[in-house]
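Proteins come first, then strands; the chains are lettered A, B, ... in the order of their sequence lines, and each starts at number 1. FYI, side chains are in, hydrogens and waters are out, and symmetry mates aren't considered; it's all heavy atoms of this structure.
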Amino acid sequence: DIQMTQSPSFLSASVGDRVTINCKASQNINRYLNWYQQKLGEAPKLLIYNANSLQTGIPSRFSGSGSGTDFTLTISSLQPEDVATYFCLQHNSWPWTFGGGTKLELK
Amino acid sequence: QVKLQQSGAELVKPGASVKLSCKTSGYTFSTSYMSWFKQIPGQSIEWIGMIYAGDGGTGYNQKFKGKATLTVDTSSSTAYMDLSSLTTEDSAVYFCARGYSLDYWGQGVMVTVSS
């Protein structure tokens with residue numbers, strides 16, 4: 001199985017800050033990497049698909065980059081409503097696997 | 001609009017089985033895929049498997065083979081997941097999500113296994 005190592009596991013930032021979350025795959029997954037936002041008690045919400053494509057309706061402050069084994073989710077200017085846990089998911093090969101998550105809170 | 005509506009919370013005894021449903025609307029279910037996921041509260045998410053509604057073809061995470069069985073009813077645009085021989089380790093929230101893109105998710109259903 002492909003292991004997805006996500007960092008950091010916890011992040012505290014201020015409104016307006018630039019925030020980056022990383023995901024490293026144990027082997028090449030090309031660009032088959034999605035990013036999800038999950039708020040407490042809710043289902044995950046797709047933010048970025050195929051490494052760098054912004055899902056319809058998602059604010060442009062969210063962006064994704066990377067290919068191969070190293071990927072990054074960036075929030076260009078943190079907003080209060082971005083408080084959530086973020087997960088990466090590789091869908092290059094079965095079984096699909098998630099990163100351990102990054103819990104983002106406001107400082 | 002696309003909706004995935006999951007059945008309500010379940011409290012089941014160890015050793016029992018449970019069947020979860022995911023009723024869809026707003027898109028063509030019969031030619032789409034459905035994935036299922038497990039999440040223990042406070043932890044990450046695991047992919048259980050996927051089913052193609054067109055022919056019922058399935059693919060499973062090896063970890064869940066023998067535990068989960070995925071089926072569909074195209075007449076009602078509903079996907080199902082049977083979980084068998086339940087133990088306390090199966091207590092979790094289970095989600096369904098559309099297709100390969102996983103762009104729409106059900107609200108999740110909490111399954112609690114307890115005597």
Side-chain angles (χ1 to χ4, degrees), chain A residues 1-10 21-26 29-58 62 64 84-105, chain B residues 1-9 20 22-24 26-27 33-52 57-68 70 79 81 92-111:
Chain A
D1 297 2
I2 297 174
Q3 306 304 313
M4 302 300 296
T5 303
Q6 193 172 335
S7 63
S9 54
F10 182 81
I21 298 170
N22 300 295
C23 226
K24 187 175 184 67
S26 60
I29 59 169
N30 301 292
R31 303 182 78 87
Y32 295 109
L33 189 286
N34 293 355
W35 289 98
Y36 295 86
Q37 176 193 69
Q38 187 177 34
K39 297 184 177 179
L40 198 62
E42 298 183 4
K45 180 180 184 180
L46 178 63
L47 302 175
I48 302 288
Y49 62 95
N50 294 342
N52 61 4
S53 296
L54 188 67
Q55 174 67 357
T56 303
I58 301 302
F62 291 93
T85 300
Y86 293 81
F87 295 97
C88 60
L89 162 73
Q90 71 80 18
H91 57 103
N92 180 76
S93 59
W94 288 358
W96 293 350
T97 46
F98 287 81
T102 295
K103 188 172 183 180
L104 175 59
E105 73 163 28
Chain B
Q1 69 277 33
V2 175
K3 287 186 178 179
L4 280 67
Q5 181 66 40
Q6 295 187 241
S7 45
L20 309 181
C22 176
K23 184 169 178 56
T24 73
Y27 71 101
Y33 292 85
M34 184 70 74
S35 285
W36 289 85
F37 299 87
K38 173 185 179 182
Q39 186 176 35
I40 295 172
Q43 296 188 19
S44 189
I45 307 168
E46 295 180 280
W47 177 74
I48 294 171
M50 172 185 286
I51 185 166
Y52 178 58
T58 54
Y60 292 93
N61 184 339
Q62 185 69 29
K63 177 178 178 180
F64 292 94
K65 280 187 175 178
K67 170 63 65 177
L70 305 183
M81 178 170 67
V93 178
Y94 292 87
F95 294 98
C96 57
R98 183 176 80 153
Y100 269 84
S101 57
L102 308 181
D103 52 355
Y104 289 91
W105 291 61
Q107 80 278 20
V109 56
M110 181 74 211
V111 174

Least distance between heavy atoms, A:G99 atom then B:S44 atom: O-OG, 2.6 Å
Closest non-hydrogen atom pair between A:N34 and B:S101, with its separation: ND2-O, 3.8 Å
Verdict with supporting geometry, A:W96 and B:Y100, side-chain contact (heavy atoms from CB on, under 4.5 Å): CA-CA 10 Å; A:W96 293 350; B:Y100 269 84; 3.4 Å; yes
Spacing of OG1 belonging to A:T56 relative to CG belonging to B:D103, to within rounding of 0.5 Å: 9.0 Å
Pairwise distance CD1(B:I45) to OH(A:Y36) - rounded to 0.5 angstrom: 8.5 Å
In terms of heavy-atom proximity below 4.5 Å to chain B, should [X] be classed as side chain, backbone, both, or neither?
{"X": "A:L40", "value": "neither"}
{"X": "A:Y49", "value": "neither"}
{"X": "A:Q38", "value": "side chain"}
{"X": "A:E42", "value": "backbone"}

At a heavy-atom separation under 4.5 Å, does [X] approach chain A through its side chain, its backbone, both, or neither?
{"X": "B:S35", "value": "side chain"}
{"X": "B:M50", "value": "side chain"}
{"X": "B:Q39", "value": "side chain"}

Residue selection (most heavy-atom pairs with chain B, distance under 4.5 Å) from A:G101, A:G100, A:P44, A:P95: A:P44
[atom1] ([X]) with more than 12 external heavy atoms under 6.0 Å:
{"X": "A:K103", "atom1": "NZ", "answer": "no"}
{"X": "B:Y60", "atom1": "OH", "answer": "yes"}
{"X": "B:K3", "atom1": "NZ", "answer": "no"}

Aromatic plane relationship, B:F37 with A:F98 - under 30° parallel, 30 to 60° tilted, over 60° perpendicular: perpendicular
